[in-house]
Amino acid sequence: MFYICSMSGVHILWFRNDLRVHDHAPLRAVCLAAARDGGRVVPLFISEPDAPHSTFLTESLNDLDAALEQRGASLHFRSGDPVAVLSELHRAANVLSVYRHESVVPEPCDAQVEAWCMRAGVALRTFSQFGPEQAPRPGGSPAAAWDEFMAAPRHEAPAELPAAQVGIGHRPISQTLSEDSTSHLKGGRKAAIELLKRLFGPVSDLSQVAASETMAQASHFDQLAPYLNLGVISIKETWQAAVTARNQYLSAGQDIRAARVTELIRGLPSFYHMRSRRAPAAGLNQRDCGSSDGSRQLSLDLGQTGTD
């Protein structure tokens, strides 16, 4: 049963495969909307009924919940059909809008949710996180548009959220845990940032070089992919960190390390191509997407990357 506080309405922030508060365009936009109209924000995660959850996913959700709690909010867990969940919320709390990122691949429920929002008079805002939404400018190339999107400033996490309590729900843990290819990994953003530090450590850190050699049997892309699939770190954060590290390695003459990072940079557009509603950008993953001169001016201190 939902319970609500006194409010004019709520804005739903629907987390799917974007389990983070850093570099999160819908989070930034929903906070601005709430500030304009006095509504409150409900961070929401919806799972399929009785769907098994891996330990990796559960840890990632708990990590996100902790980051939200630091900002005065909580992650609201629901299980069921998204339209049914949103409808119940709307009846109880007057949903004004739904904010979300695009998914890695179009979800089967996307069309139903869009139709429900139109019928209910609820604004639906969907943001890109894997590449530019717009076609390249006249005379521009898809690869250049990708570089421009990836090199743009990241969104900072808000210090606090104007959150509403509408019934938290049960966390997807205990009875339904399943084992999969991520079972050996620690979930959550903190673990992802630690992996980035190991993969892209400073050129002067010999221990990082040794760690990189030890992990060479698995590509950088394969090691980061589980975290990117859940969005605990963003594609843009990863691209900027990789470009910065690659350029540092090249300057230091560490060509092998640079080559491994370049392989990761070339693989990142695959998330963009997985959007089956989009036509793949010709040749985008056959070139180094971070090789332009402008990308050499990027600066990213992994020690300052937000981990909460």
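Predicted, not measured: the structure shown is a model, and the values here were computed from it.
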Could you tell me if the side chain of [Y] sits less than 4.5 Å from the side chain of [X], heavy atoms only?
X: Leu44; Y: Leu86; result: yes
X: Val122; Y: Trp116; result: yes
X: Leu89; Y: Val10; result: no
X: Leu199; Y: Leu224; result: yes
X: Met150; Y: Ile235; result: yes

Near-ring test Phe15/His24, centroid separation under 6.0 angstrom: yes
Is there a donor-acceptor contact under 3.5 Å linking the side chains of [X] and [Y]?
X: Ser103; Y: Arg16; answer: no
X: Gln248; Y: Ser251; answer: no
X: Ser60; Y: Asp63; answer: no
X: His101; Y: Asn17; answer: no
X: Thr126; Y: Glu102; answer: no

Is there a side-chain contact (heavy atoms from CB on, under 4.5 Å) between Asp37 and Leu96? Walk through the geometry before answering. CA-CA 10 Å; Asp37 60 24; Leu96 302 173; 3.8 Å; yes
Rounded to the nearest 0.5 Å, what separates atom [atom1] in [X] from atom [atom2] in [Y]?
X: Asp65; Y: Thr58; atom1: CG; atom2: OG1; answer: 12.0 Å
X: Leu230; Y: Glu59; atom1: CG; atom2: CD; answer: 11.0 Å
X: His76; Y: Trp14; atom1: NE2; atom2: CH2; answer: 16.0 Å
X: Leu57; Y: Asn229; atom1: CG; atom2: CG; answer: 11.5 Å
X: His22; Y: Leu27; atom1: NE2; atom2: CG; answer: 10.0 Å
X: His90; Y: Ile12; atom1: NE2; atom2: CD1; answer: 10.5 Å

Under 3.5 Å, is there a donor-acceptor pair between the side chain of [X] and the main chain of [Y]?
X: Gln254; Y: Tyr249; result: no
X: Glu156; Y: Asp23; result: no
X: Thr244; Y: Ala241; result: no

Thinking salt bridges, do Glu114 and Arg100 make one under a 4.0 Å N-O criterion?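 Looking at Glu114 and Arg100, the cut-off is met.
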Using a strict cut-off of less than 4.0 Å between a Lys/Arg side-chain nitrogen and an Asp/Glu carboxylate oxygen, indicate whether Glu237 and Arg189 qualify as a salt bridge.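 Counted as a salt bridge, because a side-chain N and a carboxylate O are separated by less than 4.0 Å.
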Would you check, one step at a time, whether the test side-chain contact (heavy atoms from CB on, under 4.5 Å) holds for Ser97 with Arg125? CA-CA 8 Å; Ser97 60; Arg125 298 284 310 280; 5.6 Å; no
In this structure, which one of Ile233, Asn62, Leu75, Leu64 forms a side chain to side chain contact (heavy atoms under 4.5 Å, CB included) with Leu19? Leu64
Passing option when Pro162 is tested against His11, Arg71, Arg40 for side chain to side chain contact (heavy atoms under 4.5 Å, CB included):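 Output: one option passes, namely Arg40.
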Can you name the nearest heavy-atom pair linking [X] to [Y], along with the distance?
X: Pro43; Y: Leu161; answer: CG-CD2, 4.4 Å
X: Phe130; Y: Trp146; answer: O-CZ3, 2.9 Å
X: Phe127; Y: Pro26; answer: CD1-CG, 3.6 Å
X: Phe200; Y: Ala245; answer: CB-CB, 3.6 Å
X: Thr238; Y: Ser234; answer: OG1-O, 2.9 Å
X: Pro82; Y: Val113; answer: CB-CG2, 4.0 Å

Applying side-chain contact (heavy atoms from CB on, under 4.5 Å) to His220 and Val261, what does each step give before you reach the verdict? CA-CA 7 Å; His220 289 5; Val261 176; 3.9 Å; yes
Kindly determine whether Glu263 and Ser219 satisfy side-chain contact (heavy atoms from CB on, under 4.5 Å), including the steps that lead there. CA-CA 8 Å; Glu263 180 185 2; Ser219 72; 4.0 Å; yes
Should the pair Lys186 and Phe56 be classed as cation-pi, given the thresholds of under 6.0 Å to the six-membered ring centre and 45° from the axis?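 No, a cation-pi geometry is absent between Lys186 and Phe56.
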